[in-house]
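Accompanying notes for the structure given below.
Throughout, residue positions are numbered sequentially from 1 according to the sequence presented.
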Amino acid sequence: MTQPIGPNAFGHLIHSSGPASDAMWLNLYQHDQAAVPSQSPRWGQAVAAAGNYRCNPQDFHFADGSHAVLPLFTRGVASLRYAWSPPPAWGFGGLLSDEEISPDKLRSVLAHLETLPYVGVKVRPNPLKAHVWAEAMRPGWASIPRLAHVVDLTGGFEAVTARFRSNAGTNIRRAQKYGVEVEAGNSDRLIDEFHGLLELSFVRWARKQHEPAALARFRGLRRDPRSKFATMAANLGEGFRLYVARLGGRPVAAILVLMHHQAHYTRGAIDEGLAGESRATYLLQATAIEEACRLGSTHYHMGETGNSASLAQFKSRFGAIAIPYAEYRYERVPLARIDSFARSTVKRVVGFRDAS
């Protein structure tokens, strides 16, 4: 039953009917052209199955007749339950709506989230919606600055490649001359090859960050076990696309891209020893971008860039534009500060340093 929340401090009336139905969630996901695959009901099912989360999408009706859904996930005992949209390492979240959401409407949603029985709420919205979220923020919400890179696919693949930097084209041709071959799909074999490369990357990242390899591997496998990707593939079907680059029949690099209205490159891995100077990663990205254009995606999200200058440079070579955005957090108990202090202490002990 729909319950009125009432007019908020901004004079905007909002109603909530509690958890959204899968049918309503799917309808808004299909309607919202800015939606990323990690906002879909099928993705929600994968998060619940692989991450042991409870999926609780919130349904909102506004006074003007418009409608929105916020995919929300919880885990833990009721008295200590935290809510995420989405959980850590599960992509982007935020509102889906049947029309462009205004800051006032979003502010109403945030006011409602503050009343829910959680110790905290954290939202990592689509970077393309960053300006709306920044304008809608309410007192009591903390913002965590982030940086993403996004390729505009307007005009199709030929127009997009015309916006590539010249060194991207040079490296793509080099990979082709080197004999790099790319296979795309979502089979168990490709998942095995991708995850094997990912495990190698855990160790490589550990070296760069001065982190013990065993600790890095433990953290990596806890965040990204093979079963997680198998569950993604089972739920998303053809929307889950692995691209594996091979040299002499051996996998040397791979990326994972989620496909729909928006394409999202969400994971990458490489065996630097085997890949050598082949520039395989350039051919992988070009292949995925070409397929995203063919499938009608409007943007190709290249994910979180953080403070890495080298990663920002790599992404910009494909015409990706840097988009500052933020995650937003509301807490009744300062869990984030406690967690940050604990993590900082551990990093100091092991000599950890962020890769640049």
For the residue pair [X] and [Y], does the interplanar ring angle fall in the parallel (under 30°), tilted (30 to 60°) or perpendicular (over 60°) class?
| X | Y | result |
| --- | --- | --- |
| Phe202 | His195 | perpendicular |
| Trp133 | Tyr328 | parallel |
| His264 | Phe92 | parallel |
| Phe314 | Tyr282 | perpendicular |

Decide whether [X] and [Y] are clustered together by the hydrophobic rule: side chain heavy atoms of Ile, Leu, Val, Met, Phe, Trp, Tyr closer than 4.5 Å, transitively.
| X | Y | value |
| --- | --- | --- |
| Leu283 | Tyr243 | yes |
| Leu311 | Met302 | no |
| Phe157 | Phe318 | yes |

- Before giving the answer on salt bridge (Lys or Arg N to Asp or Glu O under 4.0 Å), spell out for Glu304 and Arg124 the whole-Å C-alpha distance, their side-chain angles and the decisive distance to 0.1 Å. CA-CA 11 Å; Glu304 181 68 23; Arg124 185 188 186 200; 3.5 Å; yes

Would a distance-only check, ignoring hydrogens and angles, find a side-chain to backbone donor-acceptor pair under 3.5 Å from [X] to [Y]?
| X | Y | value |
| --- | --- | --- |
| Glu135 | Pro103 | no |
| Glu183 | Ala245 | no |
| Asn171 | Asn167 | yes |
| Asp22 | Pro41 | no |
| Lys122 | Ala83 | no |
| Gln58 | Asn56 | yes |
| Ser308 | Thr305 | no |
| Thr231 | Ser227 | yes |
| Asp32 | Leu96 | no |

- Query: So, Glu277 and Tyr178: side-chain donor and acceptor under 3.5 Å apart, yes or no?
  - Reply: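 Absent: no donor and acceptor within the cut-off.
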
- Any side-chain donor-acceptor pair under 3.5 Å between His67 and Asn27?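 Their side chains do not contain a donor-acceptor pair, so the 3.5 Å distance test is not met.
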
May I ask you to say whether [X] pairs ionically with [Y], meaning some side-chain N is under 4.0 Å from a carboxylate O?
| X | Y | result |
| --- | --- | --- |
| Glu327 | Arg329 | no |
| Lys105 | Glu99 | yes |
| Glu114 | Arg332 | no |
| Asp192 | Arg189 | no |
| Lys129 | Glu100 | yes |
| Arg204 | Glu199 | no |

Please report the shortest heavy-atom distance between [X] and [Y], naming the atom on each side.
| X | Y | answer |
| --- | --- | --- |
| Ala322 | His149 | CB-NE2, 3.6 Å |
| Leu247 | Ser278 | CD1-CB, 3.8 Å |
| Val132 | Ser102 | CG1-C, 4.2 Å |
| Val244 | Glu193 | CG1-OE1, 3.8 Å |
| Thr161 | Glu158 | OG1-O, 2.9 Å |
| Val69 | Pro57 | CG1-CB, 4.0 Å |

Under a 4.5 Å cut-off applied to non-hydrogen side-chain atoms, are [X] and [Y] in contact?
| X | Y | result |
| --- | --- | --- |
| Glu331 | Val119 | no |
| Thr170 | Arg174 | no |
| Leu70 | Leu113 | yes |
| His299 | Leu128 | yes |
| Leu258 | Val36 | no |
| Arg226 | Ile191 | yes |
| Leu106 | Leu95 | yes |
| Leu153 | Ile289 | yes |

Assess the pair [X] and [Y]: is the distance between their ring centroids shorter than 6.0 Å?
| X | Y | answer |
| --- | --- | --- |
| His260 | Tyr29 | yes |
| Tyr265 | His301 | no |
| Tyr118 | Tyr82 | no |

- Task: Using the side chain to side chain contact (heavy atoms under 4.5 Å, CB included) rule, take Leu116 and Val121 through it: C-alpha gap first, then chi angles, then the decisive distance, then the call.
- Result: CA-CA 9 Å; Leu116 296 179; Val121 180; 5.7 Å; no

- Quick one: do Glu291 and Thr287 satisfy side chain to side chain contact (heavy atoms under 4.5 Å, CB included)? Show the steps, please. CA-CA 6 Å; Glu291 186 163 28; Thr287 302; 5.8 Å; no

- Evaluate side chain to side chain contact (heavy atoms under 4.5 Å, CB included) for Asn186 paired with Glu238, printing each intermediate quantity in order. CA-CA 7 Å; Asn186 59 6; Glu238 289 300 315; 3.9 Å; yes

- Heavy atoms of other groups near Arg267 CZ, more than 12 under 6.0 Å: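 Yes.
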
- So with a 6.0 Å cut-off around CZ of Arg223, is the heavy-atom count from everything else above 12?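 Yes - once you tally the heavy atoms of other residues, nucleotides and ligands closer than 6.0 Å, there are more than 12.
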
- Passing option when Trp43 is tested against Phe240, Trp90, Phe73 for ring-ring contact (aromatic ring centres under 6.0 Å, His included):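 Filter result, single survivor: Trp90.
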
- If you draw the axis of the six-membered ring of Tyr53, does the NZ or CZ of Arg75 fall within 45° of it and under 6.0 Å from the ring centre?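 Yes - Arg75 lies over the ring of Tyr53, closer than 6.0 Å to its centre and within 45° of its axis.
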
- Test Asp152 against Val150 for side chain to side chain contact (heavy atoms under 4.5 Å, CB included), laying out the working first. CA-CA 6 Å; Asp152 186 345; Val150 181; over 6 Å; no

